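The structure appears right after this line, and notes come after that.
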Amino acid sequence: MAHVYRGGRLYGTGRPDRLTPHEVRTWAFDPRRRGVDADQVREFQARLADELAGLHEDVRLLTQENDRLKRALRDWQVMHARESVPPDDARPNRGRW
């Protein structure tokens, strides 16, 4: 199941916006009089974006695995239900419980 992103947000869900690796790499900070080292900020952004990209890939792979397991369980349930048909001479349960 593929997710379509619209503006950093999963399309059709109420989930909050997610940062993408590209957004982290290209984020611009406002200059200040006593700022931080710009090279260190860019290096940190690159590390954070790489880790974020890895997490996005992990989520994608886990979603695929989850979908595969759901399909396998559904197929097993259908197969099991077909094999578990009650015999014709079985009395129907007319009781409350």
Side-chain angles (χ1 to χ4, degrees):
M1 182 169 103
H3 291 75
V4 178
Y5 287 89
R6 299 275 168 101
R9 185 177 194 164
L10 284 172
Y11 182 70
T13 66
R15 295 183 185 168
D17 293 344
R18 293 182 178 179
L19 282 175
T20 64
H22 177 73
E23 288 174 324
V24 171
R25 282 188 178 98
T26 59
W27 192 270
F29 296 91
D30 295 331
R32 298 280 183 229
R33 182 179 177 130
R34 294 182 182 169
V36 293
D37 183 10
D39 292 334
Q40 287 180 345
V41 170
R42 282 191 289 279
E43 181 182 329
F44 178 75
Q45 283 178 308
R47 286 180 48 210
L48 182 62
D50 292 342
E51 186 172 338
L52 189 59
L55 291 173
H56 280 260
E57 180 65 14
D58 290 346
V59 168
R60 187 185 68 78
L61 292 173
L62 289 171
T63 301
Q64 287 179 349
E65 178 70 6
N66 189 27
D67 291 341
R68 186 190 67 77
L69 290 172
K70 283 180 183 178
R71 283 192 307 275
L73 177 60
R74 188 172 44 248
D75 293 344
W76 180 86
Q77 288 171 332
V78 168
M79 180 188 66
H80 184 69
R82 287 181 184 151
E83 293 174 357
S84 300
V85 176
D88 293 333
D89 60 346
R91 293 182 8 215
N93 184 4
R94 299 198 192 283
R96 183 169 178 189
W97 305 106

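All figures in this text were calculated on a predicted structure; none of them were measured in a lab.
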Show every donor-acceptor pair shorter than 3.5 Å between a side-chain atom in residues 68-76 and any protein atom, with sequence neighbours excluded, or say none if there are none.
residue: Arg68; atom: NE; partner: Glu65; partner atom: OE1; Å: 3.3
residue: Arg68; atom: NH2; partner: Glu65; partner atom: OE2; Å: 2.8

OG1 of Thr63 to CG of Asp58, rounded to nearest 0.5 Å, is 10.5 Å
Residues in side-chain hydrogen bond (donor to acceptor under 3.5 Å, both in side chains) with Glu57, at least two apart?
Arg60
Could you pull out all donor-acceptor pairs under 3.5 Å where a side-chain atom in residues 40-55 meets a protein atom, sequence neighbours excluded?
residue: Arg42; atom: NH2; partner: Asp39; partner atom: OD1; Å: 2.8
residue: Gln45; atom: NE2; partner: Val24; partner atom: O; Å: 3.0
residue: Gln45; atom: NE2; partner: Trp27; partner atom: O; Å: 3.0
residue: Asp50; atom: OD1; partner: Arg25; partner atom: NH2; Å: 2.3

hydrophobic_cluster_shared for Leu61 and Val59, side chain cutoff 4.5 Å:
no
